[in-house]
Amino acid sequence: LLVSGRPDWVVPVVRHLDGAALREQHVVNVAPEHPGATPFVGCGRAQRGHEIVIVDPATRQPTEAGEIGEIWLAGGSIAQGYLGGPAKSEETFLAFLADSGRGPFLRTGDLGFQMEGELFITGRLKDLIVIRGRNYYPEDIEATVQDCHPALLRGRGAVFAGTQSGGSERLIVAQEVDRDRIADLDISEVVDAIRTAITERHDIQPDAVVLLEPLRIPTTSSGKIRRSRCRQR
């Protein structure tokens with residue numbers, strides 16, 4: 001129900017991190033004017049009676065300071081599990097640290113880090129894009145795409161990884177276009193703008209760009225982009 005937070009009169013904490021270091025799961029502070037700066041807003045400190053641990057999801061061991069990992073939680077706000085789902089409950093709600101056996105913790109599936117006691121969330125573990133050993137957060141690339149051309153709808157895009165026939169990974173961009181601009185749209189110009197913006201900002205080239213009419217990308221009931229469902233379609 002509640003894990004971290006601050007009183008409503010406290011100014012939120014904002015940290016600017018080096019985007020290149022983030023791709024290697026490292027947390028490096030930079031100045032806001034740094035060309036690779038990515039801003040993150042803090043989610044507050046752990047509330048009384050709660051514990052937040054940043055864990056390597058592969059080894060189940062706590063990460064070193066300045067490293068990004070999966071956010072594990074313990075405390076009175078955590079539910080006991082899923083009703084009628086004991087196997088899924090054990091996997092998600094009953095996680096124990098490999099180095100000490102301490103637990104149980106809730107595996108949130110969120111990636112993030114702690115800095116000076118403040119919790120920061122960087123993305124979702126299942127949505128993380130890994131190409132040639134480098135990590136990319138889809139939210140960052142989606143924002144880059146939607147900023148690069150006025151015909152692209154804000155908050156209505158999905159970026160995800162696909163697999164080519166040879167097994168190598170590829171970056172795919174699906175983006176909705178403003179309905180009022182479709183008739184006069186120069187598709188080649190828009191696609192070129194997307195490719196250029198992603199390459200300049202994230203140092204990676206998209207393998208496919210799909211432009212869609214509005215409301216074609218699947219979302220949850222609350223409006224969040226369903227990237228895995230979009231990839232299936």
> Are Val177 and Val145 connected in a single hydrophobic cluster, I mean Ile/Leu/Val/Met/Phe/Trp/Tyr linked by side-chain heavy atoms less than 4.5 Å apart?
Replying inline: yes
>> Please say yes or no: joined through hydrophobic side-chain contacts below 4.5 Å, possibly via intermediate residues, are Val13 and Phe40 part of one cluster?
In response: yes
> What heavy-atom pair brings Leu17 and Val30 nearest, and what distance separates the two atoms?
Replying inline: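 Distance-wise, the nearest heavy atoms are C-CG2, 3.7 Å.
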>> Ignoring hydrogens, what is the shortest heavy-atom contact between Pro218 and Cys230? Give both atom names and the distance.
In response: CG-N, 3.7 Å
Around atom [atom1] of [X], are there more than 12 heavy atoms from other residues, nucleotides or ligands closer than 6.0 Å?
{"X": "Glu90", "atom1": "CD", "result": "no"}
{"X": "Glu213", "atom1": "CD", "result": "no"}
{"X": "Gln232", "atom1": "CD", "result": "yes"}
{"X": "Arg216", "atom1": "CZ", "result": "no"}
{"X": "Leu185", "atom1": "CG", "result": "yes"}

>> Working note: Arg124 + Asp127, criterion salt bridge (charged side-chain N to carboxylate O under 4.0 Å, His left out); need CA distance, chi angles, decisive distance, verdict.
In response: CA-CA 5 Å; Arg124 287 288 289 168; Asp127 288 336; 5.5 Å; no
Working to the nearest 0.5 Å, report the span between [atom1] of [X] and [atom2] of [Y].
{"X": "His50", "Y": "Leu2", "atom1": "NE2", "atom2": "CG", "value": "6.5 Å"}
{"X": "Asn135", "Y": "His26", "atom1": "CG", "atom2": "NE2", "value": "9.5 Å"}
{"X": "Ile78", "Y": "Phe93", "atom1": "CD1", "atom2": "CZ", "value": "7.5 Å"}
{"X": "Arg45", "Y": "Leu119", "atom1": "CZ", "atom2": "CG", "value": "11.0 Å"}
{"X": "Arg227", "Y": "Lys126", "atom1": "CZ", "atom2": "NZ", "value": "9.5 Å"}

> Got a donor-acceptor contact below 3.5 angstrom from the Gln146 side chain to the Leu152 backbone?
Replying inline: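 The answer is no, because no donor-acceptor pair under 3.5 Å joins these two groups.
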Heavy-atom distance under 4.5 Å between the side chains of [X] and [Y], does that happen here?
{"X": "Arg15", "Y": "Met115", "answer": "yes"}
{"X": "Pro150", "Y": "Asp178", "answer": "no"}
{"X": "Glu51", "Y": "Arg102", "answer": "yes"}
{"X": "Asp140", "Y": "Arg201", "answer": "no"}
{"X": "Val53", "Y": "Gln114", "answer": "no"}
{"X": "Thr108", "Y": "Val3", "answer": "no"}

> What is the ring orientation for Phe113 with Phe120, classed by angle as parallel under 30°, tilted 30 to 60°, or perpendicular over 60°?
Replying inline: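 Parallel: the ring planes of Phe113 and Phe120 meet at under 30°.
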> Given Arg60 and Asp99, is the salt bridge (charged side-chain N to carboxylate O under 4.0 Å, His left out) satisfied, shown in steps?
Replying inline: CA-CA 8 Å; Arg60 297 199 173 203; Asp99 62 340; over 6 Å; no
